[in-house]
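Below is one structure, written out as structure tokens, with a few remarks after it.
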Amino acid sequence: SSLSAGTTYYVRAYATTNITTVYSEAKTFTTPIDITGTVKNESGQAISSATVTFKQGSTAVKSVTSNSSGVFTVQLVSGSYNVEVTAQGYSKLSKEVYADSNPIELVMKSLGVMTGTVYDDDNMPLANAVITVKPYLSSTTLKAPSTSNGTYRIENIPLGQTTSITCVLSGYSLVTSIPNQDIRSG
């Protein structure tokens with residue numbers, strides 16, 4: 001016979017002789033239930049290869065990866081979990097979920113990419129300039145150097161946040177600050 005999913009069982013062992021019966025301490029265990037969920041972006045599109053980690057406190061209990069349809073399945077004991085979701089091109093998502101709430105929908109926010117070219121006053125590309133992006137509501141500072149043809153690329157910028165951009169190159173009096181830029185997708 002099989003055990004029912006999501007059920008708590010109590011087990012106690014005993015031994016009997018012709019003189020007495022000795023009992024062990026009672027133990028309990030709960031059988032896991034299948035939890036399914038979907039990882040999507042703000043537009044409702046599936047996110048494949050997202051890592052979904054279920055934690056209790058700071059301890060990771062289980063970690064799974066979403067499939068090409070953004071779907072994941074995990075077996076967990078009923079209860080509350082902190083879920084952390086990571087995927088390339090998206091902000092890390094942290095959310096409290098209840099394993100009893102089936103299915104679970106996890107919506108991630110896209111991250112932006114900034115590209116550009118650094119030029120001098122004679123319109124010549126400048127290599128090794130340091131471009132710094134500082135999202136307004138973040139403690140994170142993102143940096144990238146310009147390449148030999150002056151181009152740069154900075155990834156993982158939160159969308160919809162006001163951002164300040166600074167470009168500095170040693171040996172030049174070039175220090176440009178462009179405050180309050182909104183980063184958008186597309």
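All figures in this text were calculated on a predicted structure; none of them were measured in a lab.
- A donor-acceptor distance shorter than 3.5 angstrom exists from the side chain of S24 to the backbone of A13, with no hydrogens or angles considered.
- Nearest heavy atoms, Y152 versus T117: CE2-N, 3.7 Å.
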Please tabulate, one pair per line, all N/O donor-acceptor pairs under 3.5 Å involving side-chain atoms of residues 68-76, not counting sequence neighbours.
residue: Q75; atom: NE2; partner: D34; partner atom: OD1; Å: 3.0

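- Side-chain N or O atoms of N41 include one that pairs as donor or acceptor with a backbone N or O of S43 at under 3.5 Å.
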Subject >> salt bridge (charged side-chain N to carboxylate O under 4.0 Å, His left out) between E42 and K109, intermediate numbers included >> reply: CA-CA 6 Å; E42 310 94 323; K109 292 184 178 181; over 6 Å; no
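- Evaluation of the salt bridge (charged side-chain N to carboxylate O under 4.0 Å, His left out) test over residues 46-73, restricted to residues two or more places apart or in two chains, returns K55-E84.
- For the residue pair L142 and N156, the shortest heavy atom distance occurs at CD1-O, 3.6 Å.
- Residues K40 and T38 share a closest heavy-atom pair of CE-CG2, 3.5 Å.
- Members clustered with Y14: Y23, by chain and number, using a 4.5 Å side-chain heavy-atom cutoff among hydrophobic residues.
- In the hydrophobic clustering of this structure, V97 groups with V39; members are Ile, Leu, Val, Met, Phe, Trp, Tyr whose side-chain heavy atoms approach within less than 4.5 Å, directly or through other members.
- Taking CD1 from I104 and NZ from K95, the interatomic distance works out to 8.0 Å, rounded to the nearest 0.5 Å.
- In this structure, V133 is not a member of the same hydrophobic cluster as Y90, with clusters built from ILVMFWY side-chain heavy atoms closer than 4.5 Å.
- Separation of atoms OG1 (T86) and CD1 (I47) is listed at 10.5 Å; rounding is to 0.5 Å.
- In this structure a side-chain-to-backbone donor-acceptor pair under 3.5 Å is present from S66 to A50.
- For the atom pair CG of L169 and OG of S146, the computed distance is 6.5 Å after rounding to the nearest 0.5 Å.
- What you find for N82 and G57 is that their closest heavy atoms are ND2-O, 3.9 Å.
- Atoms CD1 and OH, from I35 and Y81 in turn, are 8.0 Å apart once rounded to the nearest 0.5 Å.
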**OP:** Evaluate the side chain to side chain contact (heavy atoms under 4.5 Å, CB included) criterion for residues L93 and L106: first the C-alpha distance (whole Å), next the side-chain angles of each, then the deciding distance (0.1 Å), finally the verdict.
**Re:** CA-CA 8 Å; L93 171 67; L106 302 169; 3.9 Å; yes
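- Considering only residues two or more places apart in sequence or on other chains, E155 meets the salt bridge (charged side-chain N to carboxylate O under 4.0 Å, His left out) condition with R153.
- One distance of note links NZ of K92 with OG1 of T51; it measures 11.5 Å at 0.5 Å rounding.
- Remark: F29 engages Y9 in a ring-ring contact (aromatic ring centres under 6.0 Å, His included) (not counting sequence neighbours).
- Under the 4.5 Å side-chain contact rule for hydrophobic residues, V61 and V77 share a cluster.
- A side-chain N or O of S80 and one of E96 form a donor-acceptor pair less than 3.5 Å apart.
- In this structure the side chain of I154 never reaches within 4.5 angstrom of the side chain of V113, judged on heavy atoms.
- Closest approach of T132 to K143, counting heavy atoms only: OG1-CG, 3.7 Å.
- Taken together through direct or relayed side-chain contacts under 4.5 Å among Ile, Leu, Val, Met, Phe, Trp and Tyr, V85 and V107 form parts of separate hydrophobic clusters.
- Side-chain heavy-atom separations under 4.5 angstrom define the hydrophobic clusters, and V22 shares its cluster with no other residue.
- To the nearest 0.5 Å, the span separating CG on L126 from CG on N149 amounts to 11.0 Å.
- At least one side-chain heavy atom of V118 sits less than 4.5 Å from a side-chain heavy atom of I131.
- Using a 4.5 Å cut-off between side-chain heavy atoms of Ile, Leu, Val, Met, Phe, Trp and Tyr, with links allowed through other members, V130 and I157 fall into different hydrophobic clusters.
- Annotation for S91 and L111: closest pair OG-CD2, 3.1 Å, computed over non-hydrogen atoms.
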